[in-house]
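Treat the numbers as computed from the prediction; the structure is a model and nothing was measured.
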Amino acid sequence: MKRKLVFATNNIHKLREIKEIMPEDIEVLSLADIDCHADIAETAETLEGNALIKARYVYDHYGLDCFADDTGLEVDALDGAPGVHTARYAGEEQNTEANTDKLLAKMKKKSDRSARFRTVIALIEKGVTHLFSGTVEGYITTERRGTQGFGYDPVFSPEDTGLTFAEMGEEKKNQISHRARAVKKLIDYLKNQQQ
């Protein structure tokens, strides 16, 4: 019998990424699958805090085991910005094109282009909270490259690959991304629980 876990997201890109990585014996449900249409406000000042807010909301209101993630792009030359404000960097409407435009504009005269993507996953299982994180180091390119992926993928080049996430395609991205690394830790934990 498949185990059911709610992934507290409405982001179809993240949901597809996670479903492709998860083992077949775990069925991942979205917020829409459990008929949750609430706009869960991410008001914490840390990635961990935001992931916990979303997971707690689902667990408290629906009583279902749940995990949620929050991801931040941390750029060294911008003192770690956009960080916890990654999705709303250019405003509350979460426009990824505007976010990327703002980032490229802020980086125009910067020589240090090093950056990292960091994902934190909060799992609430039978009322107990567990945190998992994944990081991928890289740099911000000077212009958009590639058409795949979402968000900042066209301007983030990970760890000596020479490609942006948007150039490498989903399969390769899912092998090395920050989210994939955090999800792998989550999966390892879930597998150990079943033994």
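- At a threshold of 4.5 Å between side-chain heavy atoms, the hydrophobic network of Ile, Leu, Val, Met, Phe, Trp and Tyr places Leu186 and Phe7 in one connected group.
- With no hydrogens or angles considered, no side-chain donor-acceptor pair links Asn99 and Thr96 at under 3.5 Å.
- Ionic pairing of Asp25 and Arg3 is not present here: no N-O contact between side-chain nitrogen and carboxylate oxygen is shorter than 4.0 angstrom.
- When all heavy atoms of Ala32 and His37 are compared, the pair lying nearest together is CA-CE1, 4.4 Å.
- A heavy-atom distance below 4.5 Å is not found between the side chains of Leu5 and Leu29.
- In Lys106, the NZ atom is not crowded: 12 or fewer heavy atoms of neighbouring residues, nucleotides or ligands sit closer than 6.0 Å.
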Give the intermediate values and the outcome of side chain to side chain contact (heavy atoms under 4.5 Å, CB included) for residues Val155 and Thr164. CA-CA 6 Å; Val155 297; Thr164 66; over 6 Å; no
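- The two atoms that bring Val75 and Met107 nearest to each other are CG1-SD, 3.6 Å, heavy atoms only.
- A donor-acceptor contact under 3.5 angstrom links the side chains of Asp76 and Ser114, judged on distance only.
- In this structure, the side chains of Ile18 and Val183 come closer than 4.5 Å at one or more pairs of heavy atoms.
- Side chain of Tyr57 to backbone of Ala8: no donor-acceptor contact under 3.5 angstrom is found.
- Heavy atoms from other residues, nucleotides or ligands lying under 6.0 Å from NZ of Lys19 number more than 12.
- Using a 4.0 Å cut-off between charged side-chain N and carboxylate O, Glu24 and Lys2 make no salt bridge.
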For Lys14 and Phe150, what are the C-alpha separation, side-chain angles and deciding distance, and is it a side chain to side chain contact (heavy atoms under 4.5 Å, CB included)? CA-CA 9 Å; Lys14 280 187 186 182; Phe150 61 98; 4.2 Å; yes
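- Contact of the Ile124 side chain with the Asp60 side chain is not registered, since no non-hydrogen atoms from C-beta on lie closer than 4.5 Å.
- Contact annotation: the side chain of Asn174 never approaches that of Arg179 to less than 4.5 Å [non-hydrogen atoms, C-beta and beyond].
- Residues passing the salt bridge (Lys or Arg N to Asp or Glu O under 4.0 Å) test with Glu143: none are found, sequence neighbours excluded.
- Summarising the geometry of Ile53 relative to Ala44, their closest heavy-atom pair is CD1-N, 3.8 Å, with the distance given to 0.1 Å.
- Connection of Tyr152 to Leu104 is established within a shared hydrophobic cluster, with ILVMFWY side chains joined at heavy-atom distances below 4.5 Å, either directly or through further cluster members.
- Using a 3.5 Å distance cut-off with no hydrogens or angles, the side chains of Glu125 and Tyr189 do pair a donor with an acceptor.
- Remark: side-chain polar atoms of Lys4 are not paired, donor with acceptor, to backbone N or O of Ile26 under 3.5 angstrom.
- Counting heavy atoms from C-beta outward, Gln175 and Glu171 have side chains that approach closer than 4.5 Å.
- Not a single donor-acceptor pair under 3.5 Å links the side chain of Arg145 to the backbone N or O of Glu167.
- Rounding to the nearest 0.5 angstrom, the gap separating the CG atom in Leu52 from the CG atom in Leu131 is 5.0 Å.
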Is there a side chain to side chain contact (heavy atoms under 4.5 Å, CB included) between Glu74 and Thr135? Walk through the geometry before answering. CA-CA 10 Å; Glu74 301 168 345; Thr135 302; over 6 Å; no
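- Taken from CG in Asn11 to CZ in Arg16, the straight-line distance is 9.5 Å, to the nearest 0.5 Å.
- Listed for the Asp188 side chain is no donor-acceptor partner under 3.5 Å among the backbone atoms of Lys185.
- Expressed to the nearest 0.5 Å, how far CG of Asn10 lies from SG of Cys36 amounts to 7.5 Å.
- To the nearest 0.5 Å, the span separating CZ on Arg118 from CG on Asp69 amounts to 12.0 Å.
- At a threshold of 4.5 Å between non-hydrogen side-chain atoms, the residues Phe132 and Leu123 count as touching.
- Between Glu17 and Ser177, the shortest heavy-atom distance links the atoms OE1-OG, 4.5 Å.
- Distance check, rounded to the nearest 0.5 Å: CD1 of Ile40 to CZ of Arg56 gives 13.0 Å.
- The two residues Leu31 and Val58 make their nearest non-hydrogen contact at CD2-CG2, 3.5 Å.
- Taking the side chain as every heavy atom from C-beta outward, Lys110 and Ile140 never approach each other to under 4.5 Å.
- The salt bridge (Lys or Arg N to Asp or Glu O under 4.0 Å) test applied to Glu97 returns Arg144, not counting sequence neighbours.
- Taking the charged nitrogens against the carboxylate oxygens, Lys173 and Glu159 have no contact shorter than 4.0 Å, which rules out a salt bridge.
- Residues Val136 and Tyr139 fall into different hydrophobic clusters, defined by Ile, Leu, Val, Met, Phe, Trp and Tyr side chains chained together at heavy-atom separations under 4.5 Å.
- To the nearest 0.5 Å, atoms NZ (Lys54) and CD (Glu42) are separated by 3.5 Å.
- Asp70 and Thr46 make their closest contact through OD2-O, 4.4 Å (heavy atoms, listed as atom of the first residue, atom of the second, distance).
- Remark: of the listed residues Asp65, Leu64, Val6, Thr129, Asp65 is the sole one forming a side chain to side chain contact (heavy atoms under 4.5 Å, CB included) with Tyr59.
- When side chains are defined from C-beta on, Ser157 does not count as touching Arg113, because their heavy atoms never get closer than 4.5 Å.
- At a threshold of 4.5 Å between side-chain heavy atoms, the hydrophobic network of Ile, Leu, Val, Met, Phe, Trp and Tyr places Leu15 and Ile187 in one connected group.
- Leu163 and Phe165 fall within a single hydrophobic cluster, where Ile, Leu, Val, Met, Phe, Trp and Tyr side chains are chained together by heavy-atom contacts under 4.5 Å.
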